[in-house]
Amino acid sequence: MTNLKIYNTLNKKKETFEPIKPGKVGIYVCGPTVYDACHIGHARSVVVFDVIVRYFRAMGYEVTYVRNFTDVDDKIINRARELGISTQELSERYIREFYEDMDALKVERATVEPRATDHIDEIIDVIDRLISRGYAYKAGGDVFYAVETFKGYGKLSGRRLAEMQAGARVKVDEKKRNPFDFVLWKAAKPGEPMWDSPWGKGRPGWHIECSAMSTHFLGRHFDIHGGGKDLIFPHHENEIAQSEGAFGEPFVNVWIHNGFVRINQEKMSKSLGNFLMIKDILKEYHPEAVRLFLLSNHYRSPVDFTDQAMAEAEAGLEKIYALLQRIHGTLGSSDFGGDEQGPGALWASFCQAMDDDFNTARGIGLVFETVRQLNRFMDDMGEKAGQEDQARLVLTRADLMRIGGVLGILTETPDQFFEQKKADRLKREGIDTALIERLIAERARARQEKDWATADRIRDELSAMNILIEDRAEGTSWKVK
RNA sequence: GGCGGCAUAGCCAAGUGGUAAGGCAGCGGUCUGCAAAACCGUUACACACCGGUUCGAAUCCGGUUGCCGCCUCCA
């Protein structure tokens with residue numbers, strides 16, 4: 001179907017993607033543990049996989065995309081206790097916030113978005129299989145995974161048990177046979193959520209919910225599993241041990257991991273207090289600019305969030321919308337909905353970039369190159385747009401929109417985009433539109449009388465108000481700086 | 001200590017064997033009453049360092065230096 005190559009963490013190289021079932025893709029991505037609001041790092045992961053799924057669909061694949069919510073966990077329990085609410089209330093709140101943030105970022109919903117607590121039966125089933133197959137053992141009311149029993153342990157992260165420094169930073173639980181054994185089921189403690197199980201009341205450990213939900217929805221062997229780089233070890237390593245141990249067959253073909261977001265060259269961390277929340281970023285920047293920024297680096301590389309980088313992303317987005325607006329203007333009102341055309345050469349190049357391990361950075365480069373070419377084309381075209389010229393504009397615009405559909409940008413009409421932008425900025429700056437219009441009208445009169453001194457004085461006044469003037473053939477337009 | 005990643009012009013960033021996309025910033029120009037926008041040119045003989053393989057390497061191999069991540073919850 002394609003020549004798509006994907007970097008597979010499991011083999012540390014790019015491989016041609018071969019779906020298990022022709023024409024279909026099953027993909028599972030680790031979603032958030034819902035104990036706090038989402039930060040820009042969550043946004044990157046979600047946006048990256050959103051684009052990957054959109055691209056698969058654009059290529060004609062039928063995609064089953066599963067993204068979970070982990071809604072039972074130590075951190076959730078602790079946080080709920082601090083706030084004096086139930087764990088369910090807490091997770092409901094942050095699931096709601098997750099949707100608010102991701103909807104704002106124009107992220108498409110996954111096919112299935114399961115919650116761990118809705119799949120306790122499946123979790124228990126996986127643990128049960130692990131015990132009966134000799135991969136797990138009971139200790140008190142807990143159940144542990146015995147890492148030494150799983151031959152492939154470490155194959156994803158490239159670690160060897162013998163070489164890791166166990167307990168270097170954390171005290172090892174004495175009930176464990178090996179320090180790297182991890183808990184599958186935790187015995188109930190008072191005041192914590194709990195479920196009945198063959199091993200007594202308790203709750204699932206971290207890792208097991210993903211094995212249970214992914215195999216439940218996608219089968220025991222599926223195509224792609226993704227998440228942030230930090231999940232490679234231990235989370236994904238443990239998932240492999242659980243799923244392959246329980247079912248005795250290969251778990252996942254391709255592992256995809258996205259890199260981190262840094263803030264001004266620093267890792268985001270609680271101690272530095274530099275966690276940037278999505279909802280705060282969206283107060284400052286257009287959601288599509290955030291996407292453009294996140295996608296302007298390759299997904300596996302780190303990306304540094306700075307005001308300058310965001311300003312560039314905003315400027316870049318405006319440039320693309322300005323081009324679209326210009327095309328609309330050039331084609332005139334005769335054109336509507338001519339976008340079913342193509343695909344053309346631009347789309348083909350874009351796909352070539354995306355086929356190379358989802359190289360959105362290169363794809364975005366192509367977009368800007370096209371913007372320049374089309375502007376030049378229209379500069380040269382002059383007044384008379386011939387049939388062929390129009391066809392080229394319509395075709396290329398259709399490709400741009402198609403690309404926008406994969407990257408999740410250009411979802412607004414240019415007019416909407418600029419009007420909204422203007423309104424937002426006016427609101428932020430507290431500028432009076434009527435006053436601006438009056439000054440511009442005054443300046444227009446001065447210009448007609450060739451009273452350049454007055455015209456320039458008014459422009460300076462407006463400039464001082466952060467208003468930028470553009471004189472065009474059709475009249476004067478303005479925008480907020 | 002173990003595992004992994006990165007180092008490309010003023011800044012950001014693609015590029016994995018044939019002599020280097022794109023964006024931002026600066027400068028000069030076209031256009032404009034002057035600007036802005038757009039376009040053209042330019043800064044740009046830019047690939048951390050040292051060896052090796054090759055007709056040819058930013059790209060492969062070895063080493064050095066620097067930065068970063070994971071090994072603890074983390075997207």
Side-chain angles (χ1 to χ4, degrees), chain A residues 9 12-14 29-33 35-36 38-49 73-75 78 154 156-171 180 206 226-235 237 257-262 265-270 275 292-293 296-298 300-304 306 308-309 311-313 315-316 318-319 322-323 326 349 353 356 359-380 446-447 450-453 455-456 459-460 463 468-473 476-479 481:
Chain A
T9 309
K12 295 176 178 52
K13 55 183 188 228
K14 285 186 207 171
V29 176
C30 288
T33 298
Y35 72 104
D36 202 352
C38 290
H39 54 66
I40 183 69
H42 294 106
R44 184 178 197 194
S45 181
V46 173
V47 167
V48 161
F49 286 101
D73 166 272
D74 289 349
K75 293 191 296 294
N78 292 337
L156 180 70
S157 57
R159 287 158 213 272
R160 267 171 288 193
L161 284 169
E163 284 164 1
M164 289 193 283
Q165 288 188 331
R169 293 160 76 178
V170 156
K171 197 180 66 181
F180 288 101
W206 183 43
K229 265 195 161 95
D230 50 339
L231 296 178
I232 295 171
F233 190 91
H235 185 56
E237 194 68 65
H257 292 98
N258 66 275
F260 293 114
V261 178
R262 297 151 55 80
Q265 308 271 31
E266 282 178 328
K267 184 190 161 150
M268 280 195 290
S269 75
K270 298 269 187 211
F275 265 87
L292 195 63
F293 160 72
S296 64
N297 288 50
H298 187 88
R300 281 187 283 120
S301 307
V303 58
D304 197 19
T306 62
Q308 195 198 334
E312 284 179 17
E318 276 189 46
K319 196 169 173 156
L323 183 267
R326 189 176 177 189
S349 314
D356 185 10
N359 196 332
T360 52
R362 198 158 92 210
I364 289 167
L366 290 167
V367 169
F368 285 116
E369 203 177 350
T370 302
V371 169
R372 198 185 63 232
Q373 286 169 352
L374 284 191
N375 268 316
R376 182 184 189 172
F377 182 60
M378 285 186 281
D379 279 356
D380 294 347
R447 290 182 73 218
K450 302 214 188 297
D451 179 1
W452 308 125
D456 290 351
R459 184 169 59 201
D460 290 345
S463 176
L468 199 66
I469 295 286
E470 292 180 18
D471 294 327
R472 297 171 184 285
T476 298
S477 70
W478 59 277
K479 62 183 186 183
K481 277 191 227 170

Original post:
Any side-chain N or O of N375(A) less than 4.0 Å from the OP1 or OP2 oxygen of C39(B)?
Top reply: yes

Original post:
Counting side-chain heavy atoms from CB outward, which of A13(B), G33(B), G69(B) is closest to A455(A)?
Top reply: G33(B)

**OP:** Mark yes or no for a side-chain to base donor-acceptor pair under 3.5 Å between R459(A) and C34(B), with no hydrogen or angle criteria applied.
**Re:** yes

Subject >> pi-stack flag for W452(A) and G33(B), centroid dist under 5.5 Å, interplanar under 30° >> reply: yes

Original post:
When you measure from the side chain of N297(A), which nucleotide among C71(B), A14(B), G15(B) comes out closest?
Top reply: A14(B)

**OP:** Mind running salt bridge (charged side-chain N to carboxylate O under 4.0 Å, His left out) on K75(A) and D36(A) for me, showing each step along the way?
**Re:** CA-CA 9 Å; K75(A) 293 191 296 294; D36(A) 202 352; over 6 Å; no

**OP:** Kindly compute the distance separating CZ (R459(A)) from OG1 (T476(A)), expressed to the nearest 0.5 Å.
**Re:** 10.0 Å

**OP:** Would you give the length of the straight line joining atom CZ of R362(A) to atom CD1 of I364(A), rounded to the nearest 0.5 angstrom?
**Re:** 12.5 Å

Subject >> Base of C40(B) paired with side chain of D380(A) (donor-acceptor, under 3.5 Å) >> reply: no

Original post:
Side chain of R44(A), backbone of F260(A): donor and acceptor closer than 3.5 Å?
Top reply: yes

Original post:
Within the distance-only criterion (no hydrogens, no angle test), does the side chain of E237(A) pair as donor or acceptor with the backbone N or O of L156(A) below 3.5 angstrom?
Top reply: yes

**OP:** Report yes or no: does N359(A) contribute a side-chain atom to a donor-acceptor pair with the main-chain N or O of A353(A) at less than 3.5 Å?
**Re:** no

Original post:
Expressed in angstrom and rounded to an integer, what is the separation of H298(A) atom NE2 from U8(B) atom P?
Top reply: 17 Å

**OP:** Inspect the surroundings of NZ in K12(A) and state if more than 12 heavy atoms from other residues, nucleotides or ligands are less than 6.0 Å away.
**Re:** yes

Original post:
What's the verdict on side chain to side chain contact (heavy atoms under 4.5 Å, CB included) for Q373(A) and R376(A), showing C-alpha distance, side-chain angles and the deciding distance?
Top reply: CA-CA 5 Å; Q373(A) 286 169 352; R376(A) 182 184 189 172; 5.7 Å; no

**OP:** Grab the CD-P distance between Q265(A) and G66(B) for me, whole Å please.
**Re:** 18 Å

Original post:
Nearest to the side chain of R159(A) - C71(B), G33(B), G15(B)?
Top reply: C71(B)

Original post:
Rounded to whole angstrom units, what separation is found between the CD atom of E237(A) and the P atom of C71(B)?
Top reply: 13 Å

**OP:** Provide the Watson-Crick or G-U wobble partner of A44(B), both distances under 3.5 Å; none if there is no partner.
**Re:** none

Original post:
Taking atom C1' in both C67(B) and A48(B), what distance in whole Å separates the two?
Top reply: 11 Å

Subject >> Set of salt bridge (charged side-chain N to carboxylate O under 4.0 Å, His left out) partners for R300(A), sequence neighbours left out >> reply: D357(A)

Subject >> Same-atom distance (C1') from C27(B) to C68(B), integer angstrom >> reply: 36 Å

Subject >> Side chain of N258(A) (C-beta onward), nearest among A75(B), C71(B), A35(B) >> reply: A75(B)

Original post:
Contact class for G316(A) vs. all strands (heavy atom < 4.0 Å): base, sugar-phosphate, or nothing?
Top reply: nothing

**OP:** Quick one: label R262(A) by what it contacts on the DNA or RNA (base, sugar-phosphate, nothing), any heavy atom closer than 4.0 Å.
**Re:** sugar-phosphate

Original post:
Across all strands, who's sitting opposite A38(B) as a Watson-Crick or G-U wobble pair, both distances under 3.5 Å?
Top reply: U30(B)

Original post:
Atom CZ of F180(A) and atom P of C70(B): how far apart are they, to the nearest Å?
Top reply: 16 Å

Original post:
Is any side-chain nitrogen or oxygen of R372(A) closer than 4.0 Å to OP1 or OP2 of G23(B)?
Top reply: yes

Original post:
Expressed in whole Å, how much space separates the C1' atoms belonging to A44(B) and G5(B)?
Top reply: 29 Å

Original post:
When rounded to the nearest Å, what value does the distance between C1' atoms of A46(B) and U19(B) take?
Top reply: 14 Å

Original post:
Nearest to the side chain of R472(A), which nucleotide is it out of C34(B), A37(B), C70(B)?
Top reply: A37(B)

Original post:
What interatomic distance, in whole Å, is found between C1' of C70(B) and the corresponding atom of G62(B)?
Top reply: 26 Å

**OP:** State the pairing partner of A21(B); accept Watson-Crick or G-U wobble contacts with both distances under 3.5 Å, and report none otherwise.
**Re:** none

Original post:
What distance, rounded to whole Å, do you find between the two P atoms, one in C40(B) and one in G18(B)?
Top reply: 27 Å

Original post:
So does N359(A) get a side-chain nitrogen or oxygen closer than 4.0 Å to the phosphate oxygens (OP1/OP2) of A14(B)?
Top reply: no

**OP:** May I ask which nucleotide in the shown strands pairs with A58(B), Watson-Crick or G-U wobble, both distances under 3.5 Å?
**Re:** none

Original post:
Contact class for G228(A) vs. all strands (heavy atom < 4.0 Å): base, sugar-phosphate, or nothing?
Top reply: sugar-phosphate

Subject >> Spacing of I232(A) atom CD1 relative to G4(B) atom P, expressed in whole Å >> reply: 11 Å

Original post:
For the pair made of CD in Q373(A) and P in C40(B), what is the distance, rounded to whole Å?
Top reply: 9 Å

Original post:
Below 4.0 angstrom from OP1 or OP2 of C24(B), is there any side-chain N or O of K319(A)?
Top reply: yes

Original post:
Which residue lies toward the 5' end of RNA chain B, K75(A) or K267(A), if each is placed at its nearest nucleotide?
Top reply: K267(A)

Subject >> Nearest-Å distance once atom C1' is located in both U43(B) and C11(B) >> reply: 14 Å

Original post:
Base, sugar-phosphate, or nothing: which does R326(A) touch, judged by heavy atoms less than 4.0 Å apart?
Top reply: sugar-phosphate

Original post:
Given atom CG of D230(A) and atom C1' of G69(B), what is their separation to the nearest angstrom?
Top reply: 10 Å

Original post:
To the nearest 0.5 Å, how far apart are OG in S157(A) and NE2 in H235(A)?
Top reply: 13.5 Å

**OP:** Rounded to whole angstrom, note down the C1' distance from A14(B) over to U53(B).
**Re:** 27 Å

**OP:** Measure from CZ on F293(A) to C1' on C12(B) and round the result to the nearest Å.
**Re:** 10 Å

Original post:
Base, sugar-phosphate alone, or nothing: which one does L468(A) contact when heavy atoms must sit under 4.0 Å apart?
Top reply: sugar-phosphate

Original post:
How would you label the contact of E312(A) with the nucleic acid (heavy atoms, under 4.0 Å): base, sugar-phosphate, or nothing?
Top reply: base

Subject >> Shortest side-chain distance from E369(A), nucleotide among A21(B), G69(B), C40(B) >> reply: A21(B)

Original post:
At under 4.0 Å between heavy atoms, what does V48(A) touch on the DNA or RNA strands: base, sugar-phosphate, or nothing?
Top reply: nothing

Original post:
NA contact type, G154(A), heavy-atom cut-off 4.0 Å: base, sugar-phosphate, or nothing?
Top reply: nothing

Original post:
For H39(A), which contact category applies under a 4.0 Å heavy-atom criterion: base, sugar-phosphate, or nothing?
Top reply: base

Original post:
Want to settle it: does D456(A) or L231(A) sit nearer the 5' end of RNA chain B, counting the closest nucleotide to each?
Top reply: D456(A)

**OP:** Determine which nucleotide pairs with C49(B), using a 3.5 Å limit on both distances of a Watson-Crick or G-U wobble pair.
**Re:** G63(B)

Subject >> Base paired to G4(B) (Watson-Crick or G-U; both N/O distances under 3.5 angstrom) >> reply: C68(B)

**OP:** Kindly point out which of G15(B), G4(B), A75(B) is positioned nearest to the side chain of S45(A)?
**Re:** A75(B)

